[in-house]
Colleague: 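One structure, as structure tokens, below. Some questions next.
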Amino acid sequence: MSNSRLGVDPVMSSVDNALLLLQLVGQRNAIRVAGAADELGVARSTAHRLLSTLKSRGFVTQDRPNGTYRPGPALYEIALAAIGRTDIRRIVLPALQELSLSTRETASLVFLEGNQVRFIDCVESPRSVRVGSRTGVVLPAHCTAAGKAILAALSEAELERRYPDRRLEVRTANSIGNWDALLAELERVRADGHAVNVGEGESGISAVGMAVPDLIGAPLAAIAVAVPTTRMPTQEAGDEFAPLIFAARSEIIRRLRQEEV
């Protein structure tokens, strides 16, 4: 007997099942179509349709076709909005302060929002000529070191979701404006373990960034060091900051694990 004959609104039933699926994914961190169908008491085709819809909106993701479904970036973004970012800033701030001290440059915490990044917190360089705090600033992700570091940690499907038309904003003469060029750049970021930006988002500002994973390996945020281009005119000059950023990243991961205990 159909839901409508039982007096149950089929639309509300689908919404309820989708919400239950999100709860299951959140609790287990991984679920397959068969398991989802069993838990919901629906046909596998129905479970697959629901999971596919959630995947299209970024609430779940897959490592490969027909693979396990895991929490997606949209789910993390909602969670961060719900709990506020104050706690994350509190956890990261000591590492940012140490990073700014060790590099003598401005250190930032950055979150991905759609295909843009927002600077959540900054510790300014002690130098007289420096990059000022950019807390609250929003920039295209592909034009920033922090953004490229996070994008490089996303799956191909997730990149396509965030850039459905593959159009890239060009802000300076150094900005990446071609999709294939961006994919090549992200491959280099994966190989190097860090991203570099030389005047791509703002003329006169260079940066080096690394993604910070959450406890299951998804990119939670990124940290970056911003430098006047006069002190970092090339990619190679930026590479020198990588070990110090890696140390800060490791400290943040350690503190995140302590918070979880």
Side-chain angles (χ1 to χ4, degrees), residues 1-88 91 110-118 120 141 147 149-166 186 190 211-222 252-253 256-257 259-261:
M1 185 177 292
S2 69
N3 284 336
S4 59
R5 290 184 181 180
L6 288 171
V8 178
D9 185 337
V11 174
M12 291 303 296
S13 179
S14 293
V15 171
D16 189 50
N17 282 334
L19 292 173
L20 286 172
L21 268 181
L22 287 177
Q23 285 183 325
L24 287 171
V25 172
Q27 291 166 0
R28 300 182 181 181
N29 285 325
I31 195 167
R32 291 185 174 276
V33 171
D38 290 343
E39 289 287 347
L40 297 178
V42 299
R44 291 191 181 187
S45 59
T46 300
H48 182 265
R49 175 176 55 79
L50 289 169
L51 285 166
S52 295
T53 299
L54 293 174
K55 179 182 174 182
S56 71
R57 296 294 183 180
F59 287 99
V60 297
T61 187
Q62 282 179 295
D63 296 331
R64 62 183 187 282
N66 301 319
T68 299
Y69 290 85
R70 302 182 185 278
L75 202 56
Y76 291 113
E77 288 169 5
I78 289 175
L80 286 170
I83 64 173
R85 287 164 171 168
T86 302
D87 286 346
I88 303 299
I91 292 168
V110 179
F111 280 87
L112 184 66
E113 296 181 349
N115 58 22
Q116 298 183 308
V117 289
R118 183 181 299 274
I120 300 301
I150 299 176
L151 293 177
L154 300 179
S155 67
E156 182 178 344
E158 182 56 25
L159 277 175
E160 293 282 353
R161 186 184 76 82
R162 291 177 184 266
Y163 295 90
D165 57 8
R166 299 188 175 185
L186 297 183
R190 295 184 193 106
V212 177
D214 64 15
L215 297 177
I216 62 170
L220 173 67
I252 292 168
I253 293 171
L256 285 170
R257 288 173 177 162
E259 290 286 322
E260 187 70 12
V261 174

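Predicted model, so just to flag it, every value in this text is computed and none were measured.
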Colleague: For Val117 and Gly147, which heavy atoms make the closest approach, and how far apart are they?
Modeller: CG1-CA, 3.6 Å
Colleague: Measure the CG-CG distance between Leu19 and Leu24 for me, rounded to the nearest 0.5 Å.
Modeller: 11.0 Å
Colleague: So do the side chains of Leu151 and Leu159 get within less than 4.5 Å of each other, counting heavy atoms only?
Modeller: yes
Colleague: Once salt bridge (charged side-chain N to carboxylate O under 4.0 Å, His left out) is applied, do any residues pair with Arg166, and if so which ones, sequence neighbours excluded?
Modeller: Glu160
Colleague: Testing the basics here: between Ala18 and Leu54, what is the closest heavy-atom pair and its distance to 0.1 Å?
Modeller: O-CD1, 4.1 Å
Colleague: May I ask you to decide if Leu220's main-chain N or O and Asp214's side chain share a donor-acceptor pair within less than 3.5 Å?
Modeller: no
Colleague: Between atom CD of Gln116 and atom CZ of Arg162, what is the distance when rounded to the nearest 0.5 Å?
Modeller: 11.0 Å
Colleague: Do Phe111 and Ile150 come close enough that some side-chain heavy atom pair is under 4.5 Å?
Modeller: no
Colleague: What's the shortest heavy-atom distance between Leu50 and Ser14, and which atoms?
Modeller: CD2-O, 3.9 Å
Colleague: Would you compute the distance between atom CD of Glu113 and atom CD1 of Ile120 and round it to the nearest 0.5 angstrom?
Modeller: 6.0 Å
Colleague: Are more than 12 heavy atoms from other residues, nucleotides or ligands located less than 6.0 Å from atom CZ of Arg44?
Modeller: no
Colleague: Would you call Leu40 and Thr46 a side-chain contact if the rule is heavy atoms closer than 4.5 Å?
Modeller: no
Colleague: How close do Ile252 and Ile91 get, heavy atom to heavy atom, and via which atoms?
Modeller: O-CG2, 4.5 Å
Colleague: Shortest non-hydrogen contact from Ala30 to Arg70?
Modeller: CB-NH1, 3.5 Å
Colleague: Would you say Leu21 and Val60 make side-chain contact, with heavy atoms under 4.5 Å?
Modeller: no
